[in-house]
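Lettering of chains follows the sequences in order, A, B, ..., and the numbering in each one begins at 1.
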Amino acid sequence: MSVVTRFAPSPTGYLHIGGARTALYSWLHARQNGGRFVLRIEDTDRERSTPEAVQAILDGMTWLGLDADEAPVYQTERFDRYKAVIQQLLDEGKAYHCYSTAEEVEAMREAARAKGEKPRYDGSWRPSPGRTLPEPPADVPPVVRFANPLEGDTVIHDLIKGDITISNTELDDLIIARSDGTPTYNFCVVVDDMDMGITHIIRGDDHVNNTPRQINIFRALVGDESQLPHYAHVPMILGADGKRLSKRHGAVGVMTFREQGILPEALINYLVRLGWSQGDKEIFSREEMVESFRLESVQKGAATFDPDKLLWVNQEHIKAMPAERLGGLLADYLAERGVSMAGEVDVAAVADILRERGATMVEMADKAEMFFVAPTEYDAKAVKKFCRPVNLELLAQVRDRLAALPDWSPQAIHEAVHGVAEANDAGLGKVAQPIRVAVAGVPVSPPIDTTLAVLGRDATLARIDRALEKLDRSADN
RNA sequence: GCUCCCUUCGUCUAGCGGUUAGGACGCGGCCCUCUCAAGGCUGAAACACGGGUUCGAGUCCCGUAGGGAGCGCCA
């Protein structure tokens, strides 16, 4: 039987990293088995579901490259089907009408709690042989409850956690249709997974306690035990404070990472390693993940999200990326901040010399700006330290050598700069730092030779001239 | 409260009865060096606790503690 997995978010907000990780695991499992990966939007909560959230989730999935094989399934479009299945269960005596009011049920729960037991519905409207039910009150619209097995155990053969056994006596008869006739979550999930032919249900482990109920409903619906889906419950992701990641604790939407300059492949890489490992390997391409990821070796315990490591993974991907692609990405980030790249400077070349100097695309863009926009002012501290009259004299010498260079290559520039240093019996820093200030406005840049090479001769000379003029004057004052 | 789950450096993890408990991020030091990085080397840093089982437990069993989840006419 070919593998079918699904990701089933409820559209009440953006796609955050917990959801992204379970989506990733589902996607990986489908891909590595040549199966299908499907999206299902669990939008039955009309109060909280929004089309914006649906779009945000879709956008996040697209950005991460977690492509689904079919159009998304929307639960709200399947109400007729749920209704039919509920009727079927009713007809087969596997579900029944319950006329207890919400208040009465709450009282039952309270009573159970008082006795130190698990709060639950007491089954007072459950039909059983030889039992006469009270007359249904005319003014109470009934709910439909699923008749859960009264004895025995339900065991989950969880691919991640191992076997989990829960006694059926712990489970009460859950509501599968509200008094207004609408179906409830635990029921819809089962019908959907069955109809969609899902073979592997991969989801957050906050669902383990729901699973026995769902398995029992499954069994009531399909006779063939071999049709039961496999379960894999992936642990939660915790925030830095050790608490479950929530909106309070940095559970930002996945697209926020894009804004922060994180690459989708880096986020995916970080997420796949958070809770799973393959020997000492840390950096994975998408293909490597698909090949080596194993549901069975996912960690059982919750993991803490570590932004520092994400940054490191991100830079590893930046360092490994082809210059052309990195340049394209960098151009996007620069364009977003309004930097014009109309001049001579090659963005890919800029990206290439910056890749070791930025952990994020935002940092890269910060450092790249100087290649496209001449400095309008000079860092005061740097000027004071590196642009004293002696330095400016060296700067002038360099300017002339550079101007006379027959060939504008890093090697030639390197020799010119070195030449000035040697001729004046000065360290390289004495010459390089003033150039940096002149050209970048700050005393930090990639190696001076490559920096100038990428910047181009005209821009270099123009910037040096301007600095010479401006700084000289300020020295006079 | 009840049920279920989890527990190796600060963090992510390797380990699957015998290891100097390994790697990675982060942190410290050294080297390289025109700045910043990147890189190389190196250091500090963990088996939650208590009982068993065993010749021998991070590894198996049972407790304890701590953490998490669920117990909805939410999903």
Rounding to an integer number of angstrom, what distance separates A24(B) and U42(B) when you compare their P atoms? 10 Å
It should be established whether Gln299(A) places a side-chain nitrogen or oxygen under 4.0 Å from OP1 or OP2 of nucleotide A14(B). yes
Beyond-backbone contact of Trp408(A) with Leu402(A), side-chain heavy atoms, under 4.5 angstrom: yes
Which nucleotides of nucleotides 69-75 of chain B have their base under 4.0 Å from a protein heavy atom (B), which only their sugar-phosphate (S), and which neither (-), written as one string 5' to 3'? BBBSBBB
Spacing of Leu330(A) atom CG and Met361(A) atom CE [to the nearest 0.5 Å]: 5.0 Å
Separation of C36(B) C1' from Lys385(A) NZ (nearest whole Å): 13 Å
Nearest whole Å is fine: how far is C34(B) C1' from His414(A) NE2? 9 Å
Is a salt bridge present between Arg40(A) and Asp193(A), judged by a nitrogen-to-oxygen distance below 4.0 Å? yes
Which base sits across from C49(B) as a Watson-Crick or G-U pair, both distances under 3.5 Å? G63(B)
Distance below 4.0 Å between Ser277(A) side-chain N/O and A14(B) OP1 or OP2: yes
Can you check nucleotides 38-42 of chain B for protein contacts, nitrogen or oxygen pairs under 3.5 Å, and list what you find?
unit_1, atom_1, unit_2, atom_2, d
A38(B), O3', Lys319(A), NZ, 2.8
A38(B), O2', Glu356(A), OE2, 3.4
G39(B), OP1, Lys319(A), NZ, 2.8

Under 3.5 Å, side chain of Asp449(A) to main-chain N/O of Gln411(A), donor-acceptor pair present? no
Quick test of your reading of the model: are Arg286(A) and Glu265(A) salt-bridged, counting only N-O distances below 4.0 Å? no
Check every strand shown and say whether Pro235(A) touches a base, only sugar-phosphate, or nothing at a heavy-atom separation below 4.0 Å. nothing
Candidate list Thr22(A), Asp158(A), Asp205(A), test side-chain hydrogen bond (donor to acceptor under 3.5 Å, both in side chains), partner His233(A), passing option: Asp158(A)
U8(B) and A21(B): how far apart are their C1' atoms, nearest whole angstrom? 8 Å
Could you please name the partner base of C25(B), counting Watson-Crick and G-U wobble pairs only when both distances are under 3.5 Å? G10(B)
Under a 4.0 Å N-O cut-off, is there an ion pair linking Glu316(A) with Lys309(A)? no
My understanding is that a pair needs two contacts under 3.5 Å, Watson-Crick or G-U wobble. By that rule, which nucleotide pairs with C32(B)? none
Using a 4.0 Å heavy-atom cut-off, does Gly275(A) contact any base of the nucleic acid, only the sugar-phosphate backbone, or nothing at all? sugar-phosphate
Phe305(A) CZ to U13(B) P, straight-line distance once rounded to whole Å: 13 Å
Sorted by chain and number, sequence neighbours left out, salt bridge (Lys or Arg N to Asp or Glu O under 4.0 Å) with Arg457(A) holds for none
Find the distance Asp280(A):CG to C25(B):P and express it as a whole number of Å. 11 Å
If the C1' atom of A48(B) is compared with that of G43(B), how far apart are they to the nearest Å? 26 Å
Check every strand shown and say whether Ile164(A) touches a base, only sugar-phosphate, or nothing at a heavy-atom separation below 4.0 Å. sugar-phosphate
Return the nucleotide paired to A69(B): Watson-Crick means purine N1 to pyrimidine N3 with N6-O4 or O6-N4, wobble means G-U with N1-O2 and O6-N3, both under 3.5 Å. U3(B)
Separation of the C1' atoms in C6(B) and A44(B), to the nearest angstrom: 29 Å
Paired to U20(B) by Watson-Crick or G-U wobble criteria (both distances under 3.5 Å) is none
Nearest to side-chain heavy atoms of Lys309(A), which nucleotide of U35(B), C34(B), C12(B): C12(B)
For the pair made of CD in Glu282(A) and C1' in G26(B), what is the distance, rounded to whole Å? 13 Å
Could you measure between the two C1' atoms, the one in G63(B) and the one in A69(B), and give it in whole Å? 22 Å
What is the separation between atom CG on Asn168(A) and atom P on C2(B), rounded to the nearest whole Å? 21 Å
Looking only at C36(B), U3(B), C12(B), the nucleotide nearest the Glu170(A) side chain is U3(B)
When the P atoms of C2(B) and U64(B) are considered, how many whole Å apart are they? 12 Å
Whole-Å P distance, U59(B) and C47(B): 12 Å
Length of the OH-C1' vector between Tyr270(A) and G26(B), whole Å: 12 Å
Should the pair Lys281(A)-Glu291(A) be classified as a salt bridge under the 4.0 Å nitrogen-to-oxygen rule? no
Under 4.0 Å, counting only non-hydrogen atoms across every strand here, what does Thr304(A) touch: a base, just sugar-phosphate, or nothing? sugar-phosphate
Hey, is Asp192(A) close enough to Arg6(A) for a salt bridge, meaning N to O under 4.0 Å? no
Under 4.0 Å between a side-chain nitrogen and a carboxylate oxygen: does that hold for Lys384(A) and Asp379(A)? no
Euclidean distance, atom NZ of residue Lys300(A) to atom P of C6(B) [Å, nearest integer]: 5 Å
